[in-house]
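Note that the numbering runs from 1 along the sequence shown for the chain. Any value given below was found using the heavy atoms of this structure, including those in side chains, with hydrogens, waters and symmetry copies removed.
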Amino acid sequence: MSDVRLQKWLADRGVGSRREIEQWIRDGRIAVDGKRAQLGCCVTGVERVRVDGRLVAKSRARQRRRVIAYYKPEGQVTSRNDPEGRPTVFEALPRLRTGRWIAIGRLDLNTQGLLVLTTDGELANRLMHPRYQVEREYAVRVLGDVDGAMVERLQAGVVLDDGTARFDCIADAGGEGANHWYHVILREGRRREVRRLWESQGVRVSRLVRIRYGTVHLPRPLRPGQWKELDGPDLNALLSSVGLDPERQTAKKHGSSRARRPSGGRRSGSARRGSPQRRGR
């Protein structure tokens, strides 16, 4: 039996994405045969691996790959547990018999829009890895004057505190007065990168909505707090975009049309008629 990197072995079992698991290793949350795991550790599959004290099944669960598009509202955090007791995106997701939902990228507390989640650790890893250059598209409402020179600077590259960043594309999406909408595309997932890029030019982001991640668009019928499962051509297009084999057949749906908004959930103002993310794209 060949050795496999611990993070890949765990990701193959739907425990989390490789990046997420690497951080758990750094945090000391994973043990192999009773000893704290180290980065670079390999396993054969016969070891006893525990995450937060819970034993991980050695056999890879035989379950179909699932992917959902979730409309994250403002006010939810993209984590499983929040020390401040704020609502998390995972509270609104369909329950799984085995495995767990892995969030592909994050959206901060005040950002809403498309969050893609999957049960497949390898798919999550590829969609987040810089090697695959997956596009993220946002609808951004900015407060302040934006001229052609500013747009050129933002596309040429701006030095931030964690390195140079830029937008691949900036498109005018309309608006009146001081508030104006733009659609922007970039291929990185740094912390608050879209907001920091605009703020570096002296303008403020007053609303931010992710409307696309790779080949997945924010589904038009969805409202904040609802989700839709991907299948058929939509799922296969996503898999092919990162070099994974398409599904051979479309599996039975599991509540894929639309989920109800959680009771008591706050409806975001972004669902109002006429918001830029509802326009054709």
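A donor-acceptor pair is defined here as one N or O able to donate and one able to accept, closer than 3.5 Å; such a pair exists between the side chain of Arg212 and the backbone of Gly214. Remark: the backbone N or O of Leu114 is paired with a side-chain donor or acceptor of Arg210 at under 3.5 angstrom. Arg13 contributes no side-chain N or O that, together with a main-chain N or O of Val56, makes up a donor-acceptor pair within less than 3.5 Å. Between the side chain of Ser206 and the backbone N or O of Arg141, at least one donor-acceptor pair lies under 3.5 Å. Remark: side-chain polar atoms of Arg136 are not paired, donor with acceptor, to backbone N or O of Gly105 under 3.5 angstrom. Of the possible polar contacts, one joining the Trp101 side chain to the Pro94 backbone as a donor-acceptor pair under 3.5 Å is found. Between the side chain of Tyr138 and the backbone N or O of Gly113 there is no donor-acceptor pair closer than 3.5 Å. Gln201 places no side-chain N or O within 3.5 Å of a backbone atom of Glu199 that could act as its donor or acceptor partner. Ser241 contributes a side-chain N or O that, together with a main-chain N or O of Leu238, makes up a donor-acceptor pair within less than 3.5 Å.
Between the OG1 atom in Thr78 and the CG atom in Leu107 there is a gap of 5.0 Å [rounded to 0.5 Å]. Atom CG in Asn236 sits 11.0 Å away from atom CG in Leu244 (nearest 0.5 Å). For the atom pair SG (Cys169) and CG (Leu186), the distance works out to 11.0 Å, reported to the nearest 0.5 Å. Rounded to the nearest 0.5 angstrom, Ile68 CD1 and Leu235 CG are separated by 12.5 Å. To the nearest 0.5 Å, the span separating CD1 on Ile25 from CZ on Arg5 amounts to 9.5 Å. To the nearest 0.5 Å, atoms CZ (Arg207) and CG (Asn110) are separated by 11.5 Å.
In this structure, His129 and Tyr132 have perpendicular ring planes: the angle between them is above 60°, well past the 30° mark.
Across all non-hydrogen atoms, the minimal contact from Leu160 to Ser200 is CD2-CB, 4.2 Å. For the residue pair Leu197 and Leu154, the shortest heavy atom distance occurs at O-CD2, 3.4 Å. Nearest heavy-atom pair, Tyr70 versus Ala92, reported as atom, atom and distance to 0.1 Å: OH-CB, 3.5 Å. Residues Ala124 and Ile102 share a closest heavy-atom pair of CB-CG2, 3.8 Å. The two atoms that bring Thr118 and Arg66 nearest to each other are OG1-O, 2.8 Å, heavy atoms only. Nearest heavy-atom pair across Trp24 and Arg100 is CH2-NH1, 3.5 Å.
Proximity of His183 to Phe167: side-chain heavy atoms (C-beta onward) are nowhere separated by under 4.5 Å. Side-chain atoms of Leu117 and Trp227, non-hydrogen and from C-beta on, never get closer than 4.5 Å to each other. Between Leu10 and Ile30, the closest side-chain pair of non-hydrogen atoms falls below 4.5 Å. Residues Val216 and Asp234 are not in side-chain contact: their nearest non-hydrogen atoms beyond the backbone lie 4.5 Å or more apart. By the 4.5 Å heavy-atom criterion applied to side chains, Arg65 and Leu123 are counted as neighbours. Residues Asn81 and Thr88 are not in side-chain contact: their nearest non-hydrogen atoms beyond the backbone lie 4.5 Å or more apart.
Atom CG of Asp33 sits in a crowded spot, with more than 12 heavy atoms from other residues, nucleotides or ligands closer than 6.0 Å. Within 6.0 Å of the CZ atom in Arg48, the count of heavy atoms belonging to other residues, nucleotides or ligands does not exceed 12. Other residues, nucleotides and ligands contribute over 12 non-hydrogen atoms within 6.0 Å of the CG atom of Asp147.
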Determine, stepwise, if the pair Arg191 / Asp162 fulfils salt bridge (charged side-chain N to carboxylate O under 4.0 Å, His left out).
CA-CA 10 Å; Arg191 181 185 61 85; Asp162 55 355; over 6 Å; no
Taking it one step at a time, do Thr111 and Asp108 satisfy side-chain hydrogen bond (donor to acceptor under 3.5 Å, both in side chains)?
CA-CA 5 Å; Thr111 301; Asp108 64 38; 2.6 Å; yes
Between Asp161 and Arg196, does the side chain to side chain contact (heavy atoms under 4.5 Å, CB included) criterion hold? Intermediate values first, please.
CA-CA 10 Å; Asp161 57 7; Arg196 289 189 294 138; 2.8 Å; yes
Going through the distances and angles, do Ile21 and Lys8 end up as a side chain to side chain contact (heavy atoms under 4.5 Å, CB included)?
CA-CA 9 Å; Ile21 293 167; Lys8 183 180 187 306; over 6 Å; no
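Hydrophobic clustering, with ILVMFWY side chains joined whenever heavy atoms are under 4.5 angstrom apart, keeps Val209 apart from Leu109. Hydrophobic clustering (ILVMFWY, side-chain heavy atoms < 4.5 Å, transitive): Val77 and Leu208 are in distinct clusters. Both Val51 and Val4 are members of a single hydrophobic cluster when ILVMFWY side chains are connected at heavy-atom separations under 4.5 Å. In the hydrophobic clustering of ILVMFWY residues, with side-chain heavy atoms under 4.5 Å counting as a link, Ile170 and Leu143 come out apart. Residues Val15 and Leu127 do not share a hydrophobic cluster, clusters being chains of Ile/Leu/Val/Met/Phe/Trp/Tyr side chains in contact below 4.5 Å.
A salt bridge does not link Asp52 with Arg50: every distance from a Lys NZ or Arg NE/NH1/NH2 to an Asp or Glu carboxylate oxygen is 4.0 Å or more. Salt-bridge annotation for Arg126 and Glu122: present, with a side-chain N of the basic residue lying under 4.0 Å from a carboxylate O of the acidic one.
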